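Each ligand, and each atom within it, is numbered from 1 in the order the structure gives. Worth saying up front: this structure is predicted, and the values here are computed from it rather than measured.
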Amino acid sequence: MTDLRIITTTGMDSVLDDATIEAFKSSLRGELLKPGDVVYEEARRIWNGMIDKRPALIARCVGVADVIASVNFAREHELLMAVRGGGHNVAGTAVADGGLVIDLSPMKGIRVDLSAQTVRAEGGVTLGELDHETQAYGLATPLGVVSETGIAGLTLNGGLGWLRRKYGLSSDNLVSADVVTADGRFLTASETENPDLFWGIRGGGGNFGIATSFEYRLYPVGPEVMVCFVLYPGERAKEVLGFCDEYVAQAPEEVSPLAFLGRVPEVELFPEEWHGKPYAAILALYAGELEEGARVLQPLRDLGDPIADLSSPMPYVEAQKILDEDYPNGWHYYWKSQNVNSLGDEVAERLMAHAEDAPSDHSTIDVWYQGGAMGRVGAEETAFGDRGVPYLLGIEANWEEPQEDETNVAWARNCVADMRRFSDGGNYLNFPGFLEEGQDLIRDAYGENYERLVALKNEYDPTNLFRMNQNIKPPS
Ligand SMILES: Cc1cc2nc3c(=O)[nH]c(=O)nc-3n(C[C@H](O)[C@H](O)[C@H](O)COP(=O)(O)OP(=O)(O)OC[C@H]3O[C@@H](n4cnc5c(N)ncnc54)[C@H](O)[C@@H]3O)c2cc1C
């Protein structure tokens, strides 16, 4: 038996002896993994293959008591700590080199309350799992657009998906959350209980504690919905983005389109003569009655001469998976984002030029059309901040080969740097790159809410135990 090497919250090397680890292990109902254990290698890996961290310990929590014990252990030993929900944050903050990973992925409880039209889900649930349960009753809450991602990171930082213009962000639909704070307390956060904490967790990420469960409002959606998925030649990007913009201005809020620019993948679904050539695509679903959906979405399909039109009615749970296969586990990913104020010709031209230049055929530039219900929530009502900006750009570098890391990361950075001149600031912390801009990125995202978030951090986590995240630093 040898002591376990760890990294402390001050970044120093230290050790934990066997007796200390054994005592911690016996305080948990779930497993405690360390290097050398059979499943350790798998358990330390997350979705983004660029992240290759070796935690000292991984606590696979199966309930709230495990989470409380893990937080107390990390605090008492000043151990660097990370929190894992669905393990899909591109920055890789779900794992810490030499630290303790508090892994909520075994916590999968979900319960729909039909009379209240709400659902409660534990911190390890994925979007697909939650949709599966709520759709059994023909209900849904607004989530993101890839079913394998976690509800925890999504909700704590906002949550943009196909229902955003109709029902708002995921975080706008939180009724309450159970939270374990840095001092090991278990609190409920809602409009009536700990309302300051409730304000902070709706956009402020994992800064204030570990959310062991989330309670969301539900709405009738599906079970079948109409989906528009049409690709036009990339040389028509200006026309496509411009048309979609005009369309959104008058479209019912049941539609929340996503436009994206890229190069046609070499798959059978698309005509061979288009493989590798640039496209401008529109993807949207209609969150309402099928026939009406087909009618409302038709104009997006009528621009003429598409490369492919894959639009069709489908079950809502399938629509929520439509992009899943574009994001395999273990590939390399680096994503940035930027709010922009207009989608004029120059913006569209620059976006298409960047999309054409991408080193990888799998990379895309996404345009999230905002507004509607998500735009009606005031900037100060939740930590998320300003909703007034009409478009969010998501710049996604997605590639397979590790030797191509540098060129792909450089492409995304160059693209976002170029697009900043079309922005008055603001970005989305669920697409944060590797957080290399530090506090500048965080301040830019929160705008006027930043100082209030710092004060809240000081109240709930003055020693910054929860630091492996889009970190709001307490005053030093
Ligand atoms: C393929 C893909 C598609 C995506 N699509 C969308 C989309 O459509 N819309 C959108 O808005 N976003 C989208 N995202 C972004 C995604 O929502 C974020 O990456 C989110 O952080 C993922 O949550 P997670 O629980 O899987 O992350 P994790 O990596 O497990 O966690 C990320 C961070 O969240 C915090 N955290 C996690 N769990 C908890 C908890 N229980 N309590 C407290 N803090 C916690 C921690 O700080 C952790 O470092 C997408 C991401 C991917 C990879």
Side-chain angles (χ1 to χ4, degrees), residues 45-49 51 53 61 64 67 70-71 81-96 99 101-105 107 121-130 142-164 169-171 177-182 189 197 200-201 203-214 256 258 260 283 320-329 331 333-335 337 362 364 366 368 370 374 384 392 394 396 398 428-433 435 460-461 465-472:
R45 288 290 181 177
I46 55 172
W47 162 79
N48 188 352
I51 310 298
K53 296 185 190 166
C61 300
V64 174
V67 176
S70 300
V71 167
M81 186 203 81
V83 182
R84 177 179 181 145
H88 270 72
N89 195 286
V90 71
T93 48
V95 275
V101 174
I102 302 184
D103 181 359
L104 273 70
S105 58
M107 291 176 61
E122 287 189 304
V125 166
T126 64
L127 275 52
E129 291 160 349
L130 187 53
L143 297 171
V145 304
V146 173
S147 78
E148 290 161 5
T149 60
I151 60 164
L154 174 89
T155 306
L156 293 166
N157 283 303
L160 289 165
W162 300 126
L163 306 180
R164 65 190 179 280
L169 300 175
S170 308
S171 56
D178 288 339
V179 182
V180 175
T181 49
L197 182 59
I201 61 169
N207 275 286
F208 307 107
I210 302 184
T212 53
S213 73
F214 300 87
S256 305
L258 180 65
F260 51 103
L283 186 51
Q320 285 284 85
K321 293 180 185 163
I322 210 166
L323 296 172
D324 280 17
E325 64 185 34
D326 296 335
Y327 302 102
N329 261 324
W331 277 20
Y333 300 96
Y334 179 86
W335 296 0
S337 68
H362 305 291
T364 60
D366 308 339
W368 296 80
Q370 306 195 116
M374 72 164 277
F384 185 83
L392 172 75
E396 294 188 6
N398 309 324
Y428 180 40
L429 288 176
N430 264 331
F431 306 148
L435 300 166
Y460 282 96
D461 185 19
L465 190 66
F466 301 111
R467 65 179 63 201
M468 293 294 298
N469 48 35
Q470 288 76 334
N471 196 222
I472 296 158

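- In terms of protein heavy-atom proximity, atom 24 (P) of ligand 1 is closest to Gly86 N, 3.4 Å.
- Residue contact annotation: Gly87 has a non-hydrogen atom under 4.0 Å from ligand 1.
- In this structure, Leu154 and Phe214 have side chains that are not in contact, with every pair of non-hydrogen atoms separated by 4.5 Å or more.
- For the pair Leu156 and ligand 1, the shortest N or O to N or O distance does not fall below 3.5 Å.
- By the 4.0 Å heavy-atom criterion, Ser170 is excluded from the residues contacting ligand 1.
- Residue Val90 has no nitrogen or oxygen atom sitting less than 3.5 Å from a nitrogen or oxygen atom of ligand 1, judged on distance alone.
- Distances from atom 22 (C) of ligand 1 to the heavy atoms of Leu392, Asn89, Ile46 put Asn89 nearest.
- Ligand 1 has Phe431 within reach: a non-hydrogen atom of the residue lies less than 4.0 Å from it.
- Defined by atom type and a distance below 3.5 Å, a donor-acceptor pair is missing between the side-chain atoms of Trp47 and Asn89.
- Using a non-hydrogen distance threshold of 4.0 Å, Gly158 does not register as a contact of ligand 1.
- Looking at Gln470 against ligand 1, nothing comes within 4.0 Å, counting heavy atoms.
- Considering both main-chain and side-chain atoms, His88 comes within under 3.5 Å of ligand 1 through a nitrogen or oxygen pair.
- Only the side chain of Trp47 comes within 4.0 Å of ligand 1, judged by heavy-atom distances.
- Taking only nitrogen or oxygen atoms, main chain and side chain alike, Ile210 does not reach within less than 3.5 Å of ligand 1.
- No donor-acceptor contact under 3.5 angstrom links the side chains of Asp178 and Thr212, judged on distance only.
- Considering backbone and side-chain atoms alike, Leu104 places every N or O at 3.5 Å or more from each N or O of ligand 1.
- Of the polar atoms of Gly150, at least one N or O is found under 3.5 Å from an N or O of ligand 1, judged by distance alone.
- The shortest N/O to N/O separation between Asn157 and ligand 1 does not fall below 3.5 Å.
- The nearest protein atom to atom 51 (C) of ligand 1, hydrogens excluded, is given as Trp335 CZ3, 3.6 Å; this is a heavy-atom distance.
- The closest approach between Tyr428 and ligand 1 falls below 4.0 Å for a heavy atom of the residue.
- Residue-level proximity to ligand 1 for Trp368 is carried by the side chain, the only part with a heavy atom below 4.0 angstrom.
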